[in-house]
Amino acid sequence: MASREMKILLGADHVTCPLGSGSAAVLSAMLNSTCGLRPEQVPGGAMASVGRAFQQQHPDRPLEVQLLDCIARCRAQLSEDIFSTRSGRTPRSAVILSTTKGEIGMLENGDVRSALLPSLAERIRVSASLHAAPIVVSNACASGTLAIKLAADLIRVGRYDHVMVLGGDLLSRFTLSGFASLHALSAGPCRPFDRTRDGVSLGEAVAGVVLSNDPSLFAEPVGEYISGGMGNDANHISGPSRTGEGLVRAVDAALHASGRTRKDIGHINAHGTGSVYNDRMEAVAFGRLGMEHVPTNSHKGYFGHTLGAAGVLETVLSLRAMRLKQLPISLGANDLDELPPLNVLQAIGTPLSNTLLKTSSGFGGCNAAILIEAC
Amino acid sequence: MLNLLASTRLTGGRLSLNGNELAQGHGEDAAMLRALYTAIGMDYPKFHKMDAYARLALLAAEPLYRMLRTDGADIENAVGLITLNGSGSAATDVEHWEPVRRGELASPAVFVYTLPNTGAGEITIRHGAFGPSICLISEHPDPDLLLTITDDMITTQGMTHVIVGWSDIFATPFWSGPPTLPFAGFALIGHGAGTPLTPTGLQAILTQH
């Protein structure tokens with residue numbers, strides 16, 4: 001087994017979301033309280049706020065095109081392209097893809113086979129000259145955070161030296177119609193942790209970040225991975241747990257693996273979807289964990305819930321915010337819910353330390369938590 | 001070294017544990033899965049609300065969790081789960097999309113199953129398992145990767161057992177095997193009495209021959 005002293009750094013990040021392209025530019029828009037959500041009629045006829053990020057230039061394979069662009073932009077920041085078969089190196093690298101529905105537009109167009117996730121992974125392998133098809137993690141809305149944890153675990157045990165984690169999902173009629181049928185969509189921009197929150201806003205994004213045990217790969221790493229944890233609610237297939245049990249277990253597991261305590265956490269970037277039950281579940285969990293004082297935000301008010309991209313996108317933006325020591329406000333949280341109190345950021349905040357706690361929770365009752373030290 | 005403690009396979013309408021047939025079901029997928037549910041003595045009304053993917057995964061996992069319960073394993077805290085398949089939730093995705101394509105309303109009861117990890121979710125709910133679970137989608141299982149993740153769950157995440165299961169009802173893009181889906185293969189892995197588990201051995205359990 002690899003040494004416990006090994007450092008796993010994160011860097012070479014890129015995001016494209018409803019607020020634009022490039023991690024620094026997107027964070028800058030967030031610090032100006034820019035909202036990327038716009039009203040749109042959704043299947044079923046209702047109006048909802050959604051976050052559109054991509055021009056529909058490639059009607060057949062819009063997500064693939066965006067993921068390939070993201071891979072190229074991450075690679076361009078590395079001192080050596082260790083992900084390419086053209087590099088001549090032994091394959092000590094891998095790509096992990098976090099997505100819920102992948103290229104779902106192909107199914108909408110009647111091509112079910114091409115919409116399958118292994119098809120997307122294989123097309124990406126060929127087009128990006130990767131050593132192998134990306135490993136696809138599909139744990140609903142917890143996928144992105146879980147993918148980062150898996151990447152770090154696979155480096156820690158010595159299976160790989162470098163892993164690129166990609167997250168991506170499209171705003172599709174498929175997904176919008178489903179959330180509309182659940183009456184889960186907010187009419188206006190979503191308002192995580194607000195007393196009057198009434199549902200989620202869906203968004204689309206791609207995000208990428210490289211994890212590596214080789215510091216020379218990065219001009220400027222954005223973080224050092226510390227630990228991660230997973231937990232299941234074992235409660236309900238589509239509803240969050242009332243007790244936050246799975247999330248508490250995920251955070252506890254991450255803390256246990258790190259040898260740190262709740263007092264070391266400097267900032268929480270929560271899942272914060274804006275749904276009544278999710279946000280209450282998180283408030284209960286963070287209260288149980290004794291973290292109600294930690295500066296906490298949700299990014300969903302800026303660009304919506306980007307599903308499989310969310311964990312990667314929000315981790316990258318949170319690390320960059322911590323480096324600036326300027327934490328974006330939790331956009332939409334104007335009148336804080338009183339159930340259990342959290343330190344939800346209503347003005348730009350300062351982290352208590354450099355340690356980020358990022359959490360995500362998803363359908364199926366899965367929860368993931370990671371601790372990363374911002375560089 | 002990890003040991004294979006037990007395995008189940010569901011293929012051709014037959015559910016077997018360690019190669020011994022437990023039950024047989026006939027007819028269309030839904031009828032076959034329902035027949036197996038009855039034959040192995042399950043009494044879990046939620047089963048009938050699930051999509052076929054979740055029913056298949058739940059049935060194949062059931063004998064292994066029964067074994068764990070008999071053996072006094074700490075299912076609540078110390079049993080990890082890795083679920084896999086090639087098609088995600090494609091058959092349910094098509095079912096969700098059909099009415100929407102025609103301009104009709106989607107069914108929320110169908111939509112909630114349009115995520116590949118709902119099989120794992122239903123297994124954890126059925127058995128009260130709060131430990132880690134992960135859902136991976138690939139054309140074929142990657143046994144080296146799966147054993148690496150399993151070993152890490154046991155070595156550093158405090159699990160005593162890990163269940164690794166493939167279940168699919170929809171032929172994948174590069175499918176070349178016999179068209180006898182649904183198929184499920186599940187392995188119970190741990191340090192207890194069993195046979196040493198190699199990547200080839202795991203591959204054989206998770207793959208339809």
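Computed from a predicted structure; not experimentally measured. Excluded from the calculations below are hydrogen atoms, water molecules and symmetry mates; all remaining heavy atoms, backbone and side chain alike, are included. Protein chains get the first letters and strands the later ones, always in sequence-line order, with residue 1 at the start of each.
- Contacts between B/Leu105 and chain A at a heavy-atom distance below 4.5 Å involve the side chain alone, from C-beta outward.
- Across all non-hydrogen atoms, the minimal contact from A/Ser360 to A/Ala142 is CB-CA, 3.8 Å.
- At a 4.5 Å heavy-atom cutoff, A/Asn367 makes no contact with chain B through either its backbone or its side chain.
- Note on ring orientation: taking the six-membered ring where Trp is involved, the planes of B/His127 and B/Tyr65 are parallel (angle under 30°, cut-offs 30° and 60°).
- Taking every heavy atom of both residues into account, B/Leu5 and B/Met67 meet most closely at O-CE, 4.3 Å.
- Contact of B/Ser133 with chain A is made through backbone and side chain together, with heavy-atom distances under 4.5 Å.
- A side-chain donor-acceptor contact under 3.5 Å links A/Asp169 and A/Thr100.
- Chain B forms the most heavy-atom pairs under 4.5 Å with one residue out of A/Gly364, A/Ser238, A/Gly44, A/Ser177, and that residue is A/Ser177.
- B/Leu145 touches chain A through backbone and side chain together, each having a heavy atom under 4.5 Å away.
- For the options A/Lys101, A/Glu245, A/Glu108, heavy-atom pairs under 4.5 Å to chain B are most numerous at A/Glu108.
- Options A/His256, A/Arg159, A/His183 differ in how many heavy-atom pairs under 4.5 Å they form with chain B, and the most are formed by A/Arg159.
- The contact between A/Ser138 and chain B is made by backbone and side chain atoms together, counting heavy-atom distances below 4.5 Å.
- Of the atoms belonging to A/Leu97, not a single heavy atom falls under 4.5 Å from chain B.
- Remark: side-chain polar atoms of B/Asn3 are not paired, donor with acceptor, to backbone N or O of B/Ala193 under 3.5 angstrom.
- Between the side chains of A/Arg156 and A/Asn213, no donor-acceptor pair of N or O atoms lies under 3.5 Å.
- Taking the centre of each ring, B/His161 and B/His191 stay at or above the 6.0 Å mark.
- At a threshold of 4.5 Å between non-hydrogen side-chain atoms, the residues B/Met32 and B/Leu36 count as touching.
- Ring pair B/Trp97/A/Phe174 is parallel by interplanar angle, where below 30° counts as parallel and above 60° as perpendicular.
- For A/Asn139, the parts sitting under 4.5 Å from any heavy atom of chain B are the backbone and the side chain alike.
- Only the side chain of A/Leu146 comes within contact range of chain B, with at least one heavy atom under 4.5 Å from a heavy atom of that chain.
- Between A/Val137 and A/Val165 there is no side-chain heavy-atom pair separated by less than 4.5 Å.
- For chain B, the nearby part of A/His236 is the backbone; its heavy atoms alone come within less than 4.5 Å.
- Two rings, from B/Phe111 and A/Phe179, have their centers less than 6.0 Å apart.
- Residue contact with chain B, scored on non-hydrogen atoms closer than 4.5 Å, involves the side chain of A/Val112 exclusively.
- Interface remark: B/Glu76 contributes backbone and side-chain atoms alike to the contact with chain A (heavy atom separation under 4.5 Å).
- Among the residues in residues 113-124 of chain B, those with a non-hydrogen atom closer than 4.5 angstrom to a non-hydrogen atom of chain A are B/Tyr113, B/Thr114, B/Leu115, B/Pro116, B/Asn117, B/Thr118, B/Gly121, B/Glu122, B/Thr124.
- Note on ring orientation: taking the six-membered ring where Trp is involved, the planes of B/Phe47 and B/Tyr37 are parallel (angle under 30°, cut-offs 30° and 60°).
- Highest contact tally toward chain A, considering only B/His96, B/Arg101, B/Arg126, is held by B/His96 [criterion: heavy-atom pairs under 4.5 Å].
- Within the 4.5 angstrom heavy-atom criterion, only side-chain atoms of A/Ile135, from C-beta onward, approach chain B.
- The contact between B/Asp142 and chain A is made entirely by side chain atoms (from C-beta outward), counting heavy-atom distances below 4.5 Å.
- B/Ser89 and B/Asp93 form a side-chain donor-acceptor contact under 3.5 Å, judged by distance and modelled atom types alone.
- Distance check, rounded to the nearest 0.5 Å: OG1 of A/Thr306 to CD of A/Glu204 gives 10.0 Å.
- Residue A/Ala253 does not touch chain B at all, counting heavy-atom pairs closer than 4.5 Å.
- When all heavy atoms are compared, the tightest approach of A/Ser361 to A/Cys141 is O-CB, 3.4 Å.
- Contacts of A/Ile96 with chain B are absent, with no heavy-atom separation under 4.5 Å from either backbone or side chain.
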